[in-house]
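Scroll down for the structure; my scribbles are underneath it.
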Amino acid sequence: MTSTAAIKKALFQGRDWITTQEWTEPELDTLLEVAADLKRKFKARVPHRYLPDQTIFLMFFDKSTRTRNSFEAGMTQLGGHAHFLTADVMQVSHGESAKDTGIILSSYGHGIAIRHDLIPGQGNAYMREVAKWADKPVINMQCDVDHPCQTLADLMTIREHRGRNTRGLKIAVSWAYAPSYAKPLSVPQGLIMLLPRFGIEVTLAHPPEYGLMPETIEAARENARRGGGAFHVAASMEEAFRDADVVIPKSWGCLDTMGSQPEESLRIAKQYTHWICDARLMALAKPGCLYMHPLPADRGHEVTDEVIDGPHSVVYAEAENRLHTAKAIMALTMADREIEYEA
Ligand code: CP
């Protein structure tokens, strides 16, 4: 910690964290300042039990490594407890309503976090219905529209490497080939909506079949106009990577068939196996360009080992920041008194 750091206080008690769109830039700045302070405290082993004896319910409709464990470990470090729940063993699998689930879980604890990301049109609507009835904060651990916990960690990572003033940075958000599964659209959608608000010039690239939700494209354009950034769409990785400061290439599924026929996304993808982030592509970007990926990555398909294990890659720092940002979100929305932090 620096001796010149200002002591600030913040509290967003009771707020839901469903998309970054509902939070202002100063509020997002505060979340990132608190995340940075929590990171310093974690590394210095300074106790930061802002949520003593509190409970958060983590409700997963999909698999997870980073999200589940950053929330579970983070809640323990904040002095509370996280219950891990999978939808397939809850009564929601027998049709129990979002209303009943939200009212009941919020009566047992202090927050509800939900991942429901694989079926376009469902996840965001589901968590908004839970939030309507729950009287505790609802946190989006990834839906069909946004992955705000990931994009906040991504912005934190970009600032750590490129400074707080991100105006004028050029970032490529690109589709890449992956045979493992039809990955959600929410990471690229969340990135194109969030980054232009901070003056960043974002170029999105994808094959024609892999377009994103039109409302997120519209939001990206509007955010670029308001935030002083820019938003472009390109037809190739090469075009997006040229002179980029940061590249974020990853796979996602086809919007139209993702929910009903996920295998169709994988079938169509086979004609685009050359959409791989390799050294040739990285050479088109600026020297010192950052390679980022939210993980899990399909090594050898989305990215070569040479790139993901090479000098451009910040994927492990990016994944680590999921812990610190998840803690900032929980602390600021669930605490019942102001959080004091150094900024
Ligand atoms: N990036 C991310 O959300 O990872 P998990 O799917 O492992 O949670």
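Order of appearance sets the numbers: ligands from 1, and atoms from 1 within every ligand.
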Problem set entry | Close residues, ligand 1: non-hydrogen atom nearer than 4.0 Å | Ser64, Thr65, Arg66, Thr67, Arg115, His147, Gln150, Pro294, Leu295, Arg322
Seminar exercise, completed: By ring pair (Phe, Tyr, Trp, His ring centres under 6.0 Å), Phe57 pairs with (sequence neighbours left out) His83
For this session: Applying ring pair (Phe, Tyr, Trp, His ring centres under 6.0 Å), name anything that partners Tyr108, two or more places apart in sequence or on another chain.
Result: none
For this session: Flag this pair as yes if the NZ/CZ of Arg68 is under 6.0 angstrom from the six-membered ring centre of Phe84 and inside a 45 degree cone about the axis; otherwise no.
Result: yes
Would you be so kind as to tabulate the donor-acceptor pairs closer than 3.5 Å made by side chains of residues 197-216, with sequence neighbours excluded?
from   : atom 1 : to     : atom 2 : distance (Å)
Arg197 : NE     : Glu25  : OE2    : 2.9
Arg197 : NH1    : Thr20  : O      : 2.9
Arg197 : NH1    : Trp23  : O      : 3.4
Arg197 : NH2    : Trp23  : O      : 2.5
Arg197 : NH2    : Glu25  : OE2    : 3.4
Glu201 : OE2    : His232 : NE2    : 3.4
Glu209 : OE1    : Tyr272 : OH     : 2.8
Glu209 : OE2    : Tyr272 : OH     : 3.2
Tyr210 : OH     : Ser265 : O      : 2.6
Tyr210 : OH     : Ala269 : N      : 3.0
Thr216 : OG1    : Met213 : O      : 2.7

Problem set entry | Residue Arg167 excluded, over 12 heavy atoms near CZ under 6.0 Å |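 Atom CZ in Arg167 is crowded, with more than 12 foreign heavy atoms closer than 6.0 Å.
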Exercise. Is any NZ, NE, NH1 or NH2 atom of the basic residue among Arg242 and Glu238 found under 4.0 Å from an Asp or Glu carboxylate oxygen of the other?
Worked result: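 The answer is no: the pair does not qualify as a salt bridge.
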